[in-house]
Amino acid sequence: MNIFKLQAAKILSTNYPDLSQNLILDSFELPKNSEFGDMALPCFKFAKALRKSPIQIADDFISLFHGNELYESITNIKGYLNFKFSKTIYIKSVLDNYTNENIFAELSLFGKNKTMVIDYSHPNVAKNMGIHNLRSTIIGQSLYNIFESLGYKAIGVNHLGDWGTQFGKLMWALEKWSSIEEVEEKGILFLNENYVRFHKEAEKNPSMEDEARKWFKKLEDNDLDAVKWWKLFIKISMESYKKIYKRLDVSFDFVTGESFYIQFLAETIAKLETANLTEISEGALVVKFDESDNMPPCLLKKSDGATLYGTRDVAAVMYRLKVFNPDVILYITDIAQQLHFNQVFNIIEKYNPSSKGKLEHIIFGRLSFPDGQMSTRKGNIIPLNEVLDKARDKVLEILDEREVEVPDKYETAEKIGIGAVIFNDLSRGRIKNIEFDWDQILSFEGETGPHIQYSYVRMHNILERVKCSDTSEIDFSALTDEYSYELIKTLEQFSKKVIQAHDDREPSVIAHYLIELAKNFNRFYRNNRIIDAPKDVQDSRIHLVKILISVYGKCMNLLGLPIVEKM
RNA sequence: GCACCAUUAGCUCAGCUGGAUAGAGCAACGGAUUUCUAAUCCGUAGGCCAGAGGUUCAAAUCCUCUAUGGUGUACCA
């Protein structure tokens, strides 16, 4: 906690016993315009308790601070008490806190001894990963990073879509049109092709659907041929997904697809039946909800006895609650699945009231395409690989144009391209719908990933070029310019921003904070030469940049933005 | 029909638990010791915060209704 806030709250609450220290602490805000001051206290809400006008109150408050050396000035603007801090004290107090990375250690106490399970990415096996898989994957990974940095034990789960009739379709198709060898050789795109071909031909020949169901039944009955195909699908899919996860720097603690929970289904259903939550409706086994919940029933078993998506998710939640004993479980999916998760969570909370509040569906907006819906069945998805490749190739061109000495051009271009794609997504609020647009995803100027990376390169270059003297004797009072001051004020926000990103489950908070840091740094950079500055100024500025780069780099890590040192 | 989500500058978006004159980027126009890398910085212009009510000292923010768009609504995932 900032000493300026504490001190002011203390002084005010001792003089006005009607106002508690916490009330005052909660009332502080950042002035809209930094010219007003560094911290503001709106006095309107004190008017009732003190029976005076806000302007009068602010004037009375000011008189309590005469001669206080913490504050350079305190002014009353229309009922707002605006504090300007003593710059030297403020700078020292912020930077001391950041020296030696204290701040990261302090932050990691926030979620100490807490466990968070996060279910993200979850692509459908045998389908090529497309741009539509991007959001869940990177939002999930970023939230994982954010929770972990706050000291949580984070458990990432990739709940693969590895069960269902679609595999019967593929098996039938490949038995007929191909062979194990050919599939092994040609990989996931070949699986896609056959899936598309199946649907095309099944339109003319509906009996194929029955054949597919038979094959899926064989799989459920552990038929050797069916299992052999199924295992091959998973192997091929994972090989392909791993390449993309590696590019995006995404990893999981557990890859347990839907099929993993098949073994618990009977037990899960039995538990719900024993708890009297189920009933038979129209031949199906369902859970009905209270009228006030306004939801259709959730099907656990179809009238033919087969289980569904919902059944497997209920089993998965029960398993995770039991095995990981988490404080919270996050599910990262598209908003379209909201009803589904409301149903699943509602069932779990009925069955096990102690799980209330632990389950969260973290939704994000729909991805749409200008030329209508995409669908794997029709084969018109945009492969994620292709997006990343295009981004990289465009960067390669730009690097050539710019004639900058970059040691490993291809590798650098890859990192910048990936950064652009990730930042484009994570810099907007989760809930926003996105229309896919090549120009936008490949735009590299302004508030984009490359801009964030470029600013890092500038920081890095300074530290590389200028050797700093021993940091133990830094005189921060040499940092007198407004740009340094604004930069330090932004730096101070770090913990608050990470915690806010956690509270809102919103990586874009970090993305916007990075933009803010970059903006303040670039101003600082433009206006403050470091290389030819006097020694004491140079040292203090270098020290500031060192602190900045550690915070800035940390934020990039939280989003999964690759760090580049030359570009 | 019912339910959920969204709507802020020409475009893409910020706007913290209600607080001061609603902010950025892109696009447009004008500028910056050719430098610690200009993928940068500075300036100009651009707004009835979808509309109407309500709560409040104070509403882009909270509540209600309406409009528009998106999504979901029992045997797909």
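Reminder, nothing fancy here: chain letters follow the sequence lines and each chain counts from 1.
- Within residues 428-441 of chain A, the residues having any heavy atom closer than 4.0 Å to RNA chain B are, in order of number, R428(A), G429(A), I431(A), K432(A), N433(A), Q440(A).
- Backbone-only engagement by P296(A) is indicated by non-hydrogen atom pairs under 4.0 Å involving sugar-phosphate atoms exclusively.
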Trace of the salt bridge (charged side-chain N to carboxylate O under 4.0 Å, His left out) decision for K489(A) with E492(A) = CA-CA 5 Å; K489(A) 273 167 74 176; E492(A) 197 217 335; over 6 Å; no
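- With a 3.5 Å limit on both pairing distances and Watson-Crick or G-U wobble geometry required, the stems of 3 or more pairs in RNA chain B span B:1-7 with B:67-73, B:10-13 with B:23-26, B:28-32 with B:40-44, B:50-54 with B:62-66.
- Using atom P as the reference point in both rA27(B) and rU21(B), the two lie 32 Å apart (nearest Å).
- Nucleotides rG54(B) and rG15(B) have their C1' atoms positioned 24 Å apart, rounded to a whole Å.
- Using a 4.0 Å heavy-atom distance criterion, A47(A) is classed as making no nucleic acid contact.
- Rounded to whole Å, atom P of rC76(B) lies 11 Å from atom CZ of R312(A).
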ask   = N192(A) and N128(A): side-chain hydrogen bond (donor to acceptor under 3.5 Å, both in side chains), yes or no, with the steps?
value = CA-CA 7 Å; N192(A) 271 218; N128(A) 197 15; 4.8 Å; no
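- For the pair F444(A) CZ and rA39(B) P, the computed distance is 14 Å after rounding to whole Å.
- RNA chain B is contacted by both F28(A) and E447(A); F28(A) maps to the nucleotide lying nearer its 5′ end (nearest heavy atom per residue).
- Both P31(A) and G164(A) lie close to RNA chain B; mapped to their nearest nucleotides by heavy-atom distance, the more 5′-ward contact belongs to P31(A).
- Between the CZ atom of F423(A) and the C1' atom of rC13(B) there is a distance of 11 Å, rounded to whole Å.
- For F216(A) and W163(A), the gap between ring centers is short of 6.0 Å.
- Taking the C1' atoms as reference points, rG69(B) lies 32 Å from rA58(B), given to the whole Å.
- Rounded to an integer number of Å, the gap from F521(A) CZ to rU40(B) P is 13 Å.
- The distance from atom CD of Q343(A) to atom P of rG72(B) is 14 Å, rounded to the nearest whole Å.
- Residue pairs meeting the salt bridge (charged side-chain N to carboxylate O under 4.0 Å, His left out) criterion with at least one member in residues 493-522 of chain A, sequence neighbours excluded: E360(A)-R505(A).
- Candidate nucleotides rA14(B), rG70(B), rA74(B) were compared by shortest atom distance to the side chain of H512(A), and rA14(B) ranks first.
- In this structure, Y309(A) does not reach the rA77(B) phosphate: none of its side-chain N or O atoms is under 4.0 Å from OP1 or OP2.
- Relative to the side chain of K78(A), the nucleotides rC16(B), rU21(B), rU37(B) differ in distance, and rU21(B) lies closest.
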If you look only at distance, which donor and acceptor atoms sit under 3.5 Å apart when one is on a side chain in residues 278-292 of chain A and the other is two or more places apart or in another chain?
none

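- With H159(A) as reference, Y261(A) is the one residue of Y261(A), Y319(A), Y309(A), Y331(A) to meet the ring-ring contact (aromatic ring centres under 6.0 Å, His included) rule.
- Among the heavy atoms of the strands lying under 4.0 Å from L399(A) is at least one base atom, whether or not backbone atoms are also near.
- In summary, the side chains of Y485(A) and D38(A) do present a donor paired with an acceptor at a separation below 3.5 Å, with no hydrogens or angles considered.
- Considering all non-hydrogen atoms of both residues, Y483(A) and F524(A) come closest at CB-CA, 3.7 Å.
- Base contact: V457(A) has a heavy atom under 4.0 Å from a base atom.
- A donor-acceptor contact closer than 3.5 angstrom is absent between the side chains of N527(A) and D481(A).
- Backbone-only engagement by L339(A) is indicated by non-hydrogen atom pairs under 4.0 Å involving sugar-phosphate atoms exclusively.
- If you take CG of N124(A) and C1' of rC76(B), they are 11 Å apart, rounded to a whole angstrom.
- The nearest whole Å value for the distance from the OH atom in Y513(A) to the P atom in rA24(B) is 19 Å.
- The SG atom of C298(A) lies 11.0 Å from the CG atom of N342(A); values are rounded to the nearest 0.5 Å.
- For the pair K390(A) and W438(A), the cation-pi criterion (under 6.0 Å, within 45° of the ring axis) is fulfilled.
- The residue N82(A) sits close to a base: some heavy atom pair falls under 4.0 Å.
- Using a 4.0 Å heavy-atom distance criterion, L308(A) is classed as a sugar-phosphate-only contact.
- Residue-to-nucleotide contacts include a donor-acceptor pair under 3.5 Å from the side chain of E282(A) to the base of rA74(B).
- Among the protein residues, S281(A) comes within range of the nucleic acid bases, having at least one heavy atom under 4.0 Å from a base atom.
- rA77(B) atom P lies 17 Å from atom CG of N133(A), rounded to whole Å.
- Note: F423(A) and H451(A) fail the aromatic proximity criterion, with ring centroids not under 6.0 Å apart.
- Here N342(A) lies out of heavy-atom contact (under 4.0 Å) with every strand.
- Among the protein residues, M295(A) comes within range of no part of the nucleic acid, since none of its heavy atoms lies under 4.0 Å from any strand.
- Between atom CZ of residue F46(A) and atom CD1 of residue I24(A) there is a gap of 5.5 Å, rounded to the nearest 0.5 Å.
- Set against rA77(B), rA39(B), rA20(B), the side chain of I398(A) has rA39(B) as its closest nucleotide.
- rG1(B) and rC48(B) are spaced 34 Å apart, taking the C1' atom of each and rounding to whole Å.
- Among residues at least two apart or in separate chains, there is no salt bridge (charged side-chain N to carboxylate O under 4.0 Å, His left out) pair with a member in residues 430-439 of chain A.
- For the side chain to side chain contact (heavy atoms under 4.5 Å, CB included) with L487(A), the qualifying choice from V545(A), N520(A), L479(A), I547(A) is N520(A), the only one to do so.
- Using a 4.0 Å heavy-atom distance criterion, K519(A) is classed as a sugar-phosphate-only contact.
- Spacing between rU40(B) and rC26(B) at atom C1', rounded to whole Å, works out to 16 Å.
- To the nearest whole angstrom, the two P atoms, one in rU68(B) and one in rA28(B), are 35 Å apart.
- Base contact: N461(A) has a heavy atom under 4.0 Å from a base atom.
- If you check residues 405-420 of chain A against RNA chain B, the residues with a heavy atom closer than 4.0 Å are I416(A), listed by number.
- Rounded to whole Å, the C1' atom of rC16(B) lies 15 Å from the corresponding atom of rA22(B).
- Straight-line distance between the C1' atoms of rC13(B) and rG31(B): roughly 27 Å, to the nearest whole Å.
- When heavy atoms are screened at a 4.0 angstrom cut-off, A306(A) is found touching no nucleic acid atom at all.
- Nucleic acid contact for R402(A): base, since at least one base atom lies under 4.0 Å from a heavy atom of the residue.
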